[in-house]
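A short write-up of the structure that comes next.
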Amino acid sequence: MSRPELQAPPEIYYGDTEAKKYTQNTRNQQIQRDMTYRALELLNLPPDQPAFLLDIGCGSGLSGEILDEEGYLWAGVDIAPSMLEVALEREVEGDLFLHDIGQGFGFRPGSFDGAISISVLQWLLNAETSHPTSSPPHRLHRFFTTLHSAMRNPSRVILQFYPSSDDQIQLITSIAQKAGFGGGIVVDYPNSKKAKKVFLCLLVGGGGSQQQVPQGLQGDEEHDSKAVFEKRRERMKSKHGKRKSVKDRDWILKKKELYRKRGKEDVPNDSKYTGRKRKTQF
């Protein structure tokens, strides 16, 4: 069986050189950006409102860059130190945590307004050791129960992954439902072997439209992946409108206030200099 695009060996095996090569690969960047924009579409966040998102398996921050561009605050978790080192070198805006998601999360309840993950969930199906608590069902249980606790009510979680069988999909969705999530599977381009993408769309609380699982994209994906990406990005912009610049003073004040509400320490005090535009030096 051929390996799906973007599916790489578990990131714990990445060395510094491999992490940088993976991040600098233009095809990886394109695919990651395209799927991140699709995940944000499915997340369906209210326009022009600040939101604090969790990027699960954030790696070197390729998805985080999209979240930055869209004006969201975010925190990222990843198991690979080398990937997080690259993210730090690239000066991404999110808070980064070195963590094995199969051990569950330690965030306070209701911390996040939404969560996304690109090409990560399938690795929880690997047993780390022969100990019963390292089995895929145990790891999935810890992952979903603590993730559910960390999400605000109402909210959504969008997890793109590569299942190898229907049994894997059934195992994952059943454990997610037992943890308290609603929702289900969204499949884009189900009739295309190359373009088919599987998303687990999980719903937390809420009612009405919040509880409606989105529809997958149909037909055959266009051959020009760049055109597909641009079309998806424009669709998001037309739906949500242009978000405020991250350099805007009001955005900075909202960001700092949200950090204070989330319990983040050492948030700088507001002053007349907050968001000040510096004069160009000659």
Side-chain angles (χ1 to χ4, degrees), residues 33-57 63 66-67 70-74 105 109-122 140-141 143-163 166-192 195-221 228-229 231-243:
R33 290 176 67 87
D34 197 18
M35 290 198 292
T36 300
Y37 271 108
R38 177 57 175 153
L40 286 175
E41 280 184 334
L42 296 172
L43 207 56
N44 195 32
L45 293 163
D48 300 323
Q49 291 186 19
F52 188 38
L53 306 182
L54 177 63
D55 185 359
I56 302 168
S63 292
I66 304 299
L67 303 183
E70 293 298 311
Y72 296 114
L73 310 179
W74 61 280
F105 299 102
S111 290
F112 298 99
D113 301 301
I116 65 169
S117 179
I118 306 298
S119 309
V120 172
L121 186 60
Q122 66 271 6
L140 287 167
H141 173 75
F143 171 76
F144 283 119
T145 54
T146 55
L147 178 60
H148 185 275
S149 174
M151 302 306 299
R152 180 181 58 81
N153 185 352
S155 60
R156 288 186 181 186
V157 174
I158 306 298
L159 309 171
Q160 182 274 327
F161 69 112
Y162 291 106
D166 290 340
D167 289 340
Q168 286 190 351
I169 294 177
Q170 178 60 35
L171 175 65
I172 289 172
T173 54
S174 64
I175 294 177
Q177 290 169 358
K178 289 178 182 178
F181 286 106
I185 293 293
V186 176
V187 182
D188 285 351
Y189 310 111
N191 300 319
S192 172
K196 181 178 178 179
K197 296 292 186 299
V198 178
F199 297 83
L200 180 59
C201 180
L202 300 177
L203 311 176
V204 180
S209 61
Q210 181 70 21
Q211 286 297 331
Q212 299 299 316
V213 177
Q215 295 293 316
L217 302 177
Q218 300 298 314
D220 294 324
E221 190 176 36
V228 174
F229 163 69
K231 181 191 243 181
R232 185 161 299 153
R233 183 169 60 179
E234 290 303 316
R235 186 163 62 242
M236 273 201 68
K237 285 184 178 180
S238 63
K239 182 177 181 180
H240 296 294
K242 184 174 179 59
R243 298 181 63 86

Subject >> Minimum side-chain heavy-atom gap L147-L54 below 4.5 Å >> reply: yes
**OP:** Give, for atom OH of Y189 and atom NZ of K197, the distance between the pair rounded to the nearest 0.5 Å.
**Re:** 9.0 Å
**OP:** Any chance you could measure F112, atom CZ, to I56, atom CD1, to the nearest 0.5 Å?
**Re:** 8.5 Å
**OP:** With sequence neighbours left out, write down each residue that passes ring pair (Phe, Tyr, Trp, His ring centres under 6.0 Å) with F144, or none if nothing qualifies.
**Re:** none
Original post:
Looking only at heavy atoms, what is the nearest atom pair of L53 and Y72, with distance?
Top reply: CD1-CG, 3.9 Å
Original post:
Going by heavy atoms in the side chains, are L203 and V157 under 4.5 Å from each other?
Top reply: no
**OP:** Please list, chain by chain and in numerical order, all residues satisfying ring pair (Phe, Tyr, Trp, His ring centres under 6.0 Å) with F181, sequence neighbours excluded.
**Re:** H148
Subject >> Minimal non-hydrogen separation, A39 against I118, with atom names >> reply: CB-CD1, 4.3 Å
Subject >> Presence of salt bridge, R38 and D188, under 4.0 angstrom >> reply: yes
**OP:** Mind checking side chain to side chain contact (heavy atoms under 4.5 Å, CB included) for T145 and listing every partner two or more places apart, or none if nothing turns up?
**Re:** H141, A179
**OP:** Find the distance between OG1 (T36) and CG (L67) and round it off to the nearest 0.5 Å.
**Re:** 7.0 Å
Side-chain donor-acceptor pairs under 3.5 Å in residues 170-177, sequence neighbours left out?
residue	atom	partner	partner atom	Å
T173	OG1	I169	O	2.8
T173	OG1	Q170	O	3.1
S174	OG	Q170	O	3.0
S174	OG	L171	O	2.9

Original post:
Considering all heavy atoms of both residues, which atom of S119 and which atom of Y162 are nearest to each other, and what is their separation?
Top reply: OG-CE1, 3.5 Å
Subject >> Shortest non-hydrogen contact from M151 toward S155 >> reply: CB-OG, 3.5 Å
Subject >> Heavy-atom pair with the smallest gap, counting every atom of G57 and V120 >> reply: CA-CG2, 3.8 Å
**OP:** Report the residues that fulfil side chain to side chain contact (heavy atoms under 4.5 Å, CB included) with P214, sequence neighbours left out, ordered by chain and then residue number.
**Re:** L42, R156, V186, C201
**OP:** Please confirm whether F105 and F143 have ring centers closer than 6.0 angstrom.
**Re:** yes
Subject >> Shortest non-hydrogen contact from A51 toward D113 >> reply: CA-OD2, 3.4 Å
Original post:
Would Y37 and I66 satisfy side chain to side chain contact (heavy atoms under 4.5 Å, CB included), going step by step from the backbone distance to the final call?
Top reply: CA-CA 8 Å; Y37 271 108; I66 304 299; 3.7 Å; yes
Original post:
Does the side chain of I116 come within less than 4.5 Å of L159's, by heavy atoms?
Top reply: no
Original post:
Could you go step by step and tell me if S117 and Q160 meet the side-chain hydrogen bond (donor to acceptor under 3.5 Å, both in side chains) rule?
Top reply: CA-CA 6 Å; S117 179; Q160 182 274 327; over 6 Å; no
